[in-house]
Every structure is written in C-alpha cells, then in structure tokens.
> 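Next up is a structure, given as structure tokens.
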2 protein chains.
Amino acid sequence: MLKKEELPDCPVATTVQLIGNKWKLLILRNLLSRPWRFNELRRSLDGISQKVLTESLRSMENDGIIIRTVYAEVSPRVEYSLSELGETLRPILDAMQAWGQEYKESFE
Amino acid sequence: MLKKEELPDCPVATTVQLIGNKWKLLILRNLLSRPWRFNELRRSLDGISQKVLTESLRSMENDGIIIRTVYAEVSPRVEYSLSELGETLRPILDAMQAWGQEYKESFE
DNA sequence: CGCAATAGTTACTTTTTGGTGACTGAGGCA
DNA sequence: TGCCTCAGTCACCAAAAAGTAACTATTGCG
C-alpha cells in the first residue's frame with residue numbers, strides 16, 4: 001500500500017500511478033465480473049507472461065485493490081477478487097469500456 | 001490512426017491501447033482545460049523528457065485525439081489541443097480524477 | 001512409481017523504453 | 001556579434017520491463 005507522501009498532488013496522476021498500465025487495467029476488467037483463478041487469468045490475457053501476471057497481481061494486492069484467497073484444496077486453488085476499494089474503480093473501467101465501444105463502432 | 005483490424009476485440013483493451021499510458025493520460029488531463037504549448041507542457045509534466053513528450057504527442061496526433069497547430073509567428077508557436085474525438089475521452093479522465101480525489105481523501 | 005495440474009519463484013537474457021547532449025534556424029535583444 | 005527562446009530532430013547509451021526456462025511443493029490418479 002502506498003503511503004500518502006508517495007502520492008502525487010494531482011488526483012489523475014494518483015490514479016495513473018495505481019492502475020495506469022495495460023495489464024492492470026485488463027486484469028481489473030476481468031475481476032469486475034467475478035473472482036478469477038491465476039491460470040484462468042493467464043489464459044484470458046493473451047500474451048501476458050507468468051512473471052508479469054504475478055508481478056501485477058502482487059502490486060495490486062499491495063495497493064489494496066485486489067484480494068488473494070488461497071483455498072487449502074487439492075489441487076491448490078488461488079482466487080483473485082476485487083476489494084472494496086477495487087470495486088470503486090468500476091466507473092473508470094465502465095467509462096473506458098463505453099469509449100472503446102463507441103470508437104470501434106465509428107469504424108463501421 | 002489505427003486501422004480497425006489492429007484493434008483488439010475488447011473495448012477496454014482498445015481504449016488501453018490508445019491512452020493506457022502514464023504520460024498520455026497526464027497530457028490529456030492538461031488538454032482538457034485548454035490548448036497547451038509544447039514547452040508549457042514540458043514544464044508542467046514534471047520528469048518528462050523532450051523525447052518522450054514529442055513521441056507521445058506525435059502518437060496521439062496520429063491516433064486523431066489531439067490536434068497540432070503551428071502559428072506562423074515570431075518566435076514559433078505550436079499549440080496542442082483536443083480533437084472532437086479527444087473531447088469524448090473526458091468522462092474517462094473525470095472518473096480517474098474523481099477516484100484519485102476520493103483515494104487521497106481516504107488518508108486524511 | 002511416474003506423471004499431471006496448480007500456482008508460483010528464481011536466474012538469466014532480450015527487448016523496449018527512456019535519457020542525454022548536440023544540432024537546427026529564425027528572430028529578439030544588449 | 002553573440003546569446004536567448006521556441007519547437008523540435010537525431011544519434012547514442014543506460015535503465016527498466018518483459019520474456020524464457022528451469023525449478024519448487026502438494027496430492028491424485030493409473
């Protein structure tokens with residue numbers, strides 16, 4: 001979790017620092033609908049490497065926007081879900097989704 | 001300007017491909033209020049190098065979200081402003097601004 | 001026993017990105 | 001005359017990000 005002093009003055013810059021990155025945004029897009037397992041995310045995010053996926057998940061967990069839950073099962077199951085804070089990011093992703101939709105439709 | 005075939009299926013991924021990058025988002029934040037000159041942007045975006053600023057501006061110009069206007073004056077004046085398409089990004093930046101604000105306030 | 005799946009970590013290499021400094025050319029100013 | 005500003009470009013080098021491959025532990029299954 002970032003400390004207050006490490007945050008930029010500008011609110012947009014603050015948001016960008018936490019989620020202004022390709023893979024984090026795509027992970028969030030997935031987690032908005034339901035919890036996802038590690039390998040499930042990996043298969044869904046075309047082109048992401050295991051390393052980058054773990055690094056992104058760790059970073060988002062540290063920032064308090066996602067929650068990692070380990071189920072003591074066979075075989076091991078780890079689920080990633082949005083925290084309450086993560087849920088509050090939904091309007092941003094919704095706006096991006098809407099814009100992308102419009103943009104793509106403008107080509108038809 | 002990207003062609004339709006180069007865009008990912010997912011609308012969020014499409015948006016991310018165009019503006020999912022630290023400096024582009026901060027440039028947009030500035031341009032939402034008014035047109036900015038090159039060196040004015042450079043001074044405002046703390047830590048950006050001239051190279052990265054020009055590259056970001058060129059890329060956004062190619063994608064049709066900003067407009068570069070050269071005024072034949074002494075000394076040369078170049079202004080960057082949002083295109084109509086760029087204007088439609090406002091809700092995304094607004095959502096990011098609102099979230100960052102809330103997030104920062106949660107530390108007080 | 002040996003293999004498969006899960007969810008990683010670690011070390012090493014490669015690719016991409018970004019930074020630095022020099023240069024442009026036109027006019028303003030002391 | 002020489003230096004300043006503006007808005008860049010270009011070449012080169014360093015740093016950061018990402019890819020790759022090997023390895024971990026656990027348990028079930030045939």
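So that the names make sense, note that chain A is the first sequence line, chain B the second, and so on, each numbered from 1.
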> Does some side-chain heavy atom of B/L45 sit less than 4.5 Å from a side-chain heavy atom of B/R29?
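Yes - at least one pair of side-chain heavy atoms lies under 4.5 Å apart.
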> Can you find a pair of side-chain heavy atoms, one from B/Y80 and one from B/I27, that are under 4.5 Å apart?
no
> For the side chain of A/Y80, starting at C-beta, report the closest nucleotide among D/dA7, C/dT6, C/dG8.
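Out of D/dA7, C/dT6, C/dG8, the nucleotide with an atom closest to A/Y80's side chain is C/dG8.
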> Within the distance-only criterion (no hydrogens, no angle test), does the side chain of A/S56 pair as donor or acceptor with the backbone N or O of A/V52 below 3.5 angstrom?
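Confirmed, A/S56 side chain pairs with A/V52 backbone.
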> Does A/R77 place a side-chain N or O at less than 4.0 Å from the phosphate oxygens OP1/OP2 of C/dA5?
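No, no such contact exists.
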> Between A/S83 and A/G64 (side chain of the first, backbone of the second, donor and acceptor by atom type, cut-off under 3.5 Å), is there such a pair?
yes
> Roughly how many Å is it from CZ in A/R43 to P in C/dA5, rounded to a whole number?
10 Å
> Write down the distance between CG (A/N21) and P (C/dT16), rounded to a whole number of angstrom.
17 Å
> Spell out, as yes or no, whether a donor-acceptor pair under 3.5 Å connects the side chain of A/W36 to the backbone of A/N30.
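Yes; judged by distance alone, with no hydrogens or angles, the pair exists.
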> Distance check: side-chain N/O of A/R42 vs OP1/OP2 of C/dA7, anything under 4.0 Å?
no
> Expressed as a whole number of angstroms, how long is the span from A/N39:CG to C/dA7:C1'?
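Value for this atom pair: 7 Å.
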> Give the rounded distance in Å between these two atoms: CZ of A/F38 and C1' of C/dA5.
14 Å
> Can you tell me if A/R37 touches the phosphate of C/dA7, counting only side-chain N or O atoms and a distance under 4.0 Å to OP1 or OP2?
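It does, given that an N or O in the side chain of A/R37 lies less than 4.0 Å from OP1 or OP2 of C/dA7.
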> Do A/L57 and A/R68 have side-chain heavy atoms sitting under 4.5 Å apart?
no
> Short of 4.0 Å, heavy atom to strand atom, which residues of residues 45-55 of chain B count as contacting DNA chain D?
B/Q50, B/T54
> Between the main-chain N or O of A/G100 and the side-chain N or O of B/T15, is there a donor-acceptor pair closer than 3.5 Å?
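Yes, because the side chain of B/T15 sits within donor-acceptor range (under 3.5 Å) of the backbone of A/G100.
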> Using whole Å, report how far OH of A/Y71 lies from C1' of C/dA5.
19 Å
> In whole angstrom, give the distance that lies between atom CH2 of B/W36 and atom P of D/dC6.
15 Å
> Does OP1 or OP2 of D/dG8 have a side-chain N or O of B/R58 closer than 4.0 Å?
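Yes.
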> Are OP1 or OP2 of C/dG8 and a side-chain N or O of A/R68 less than 4.0 angstrom apart?
yes
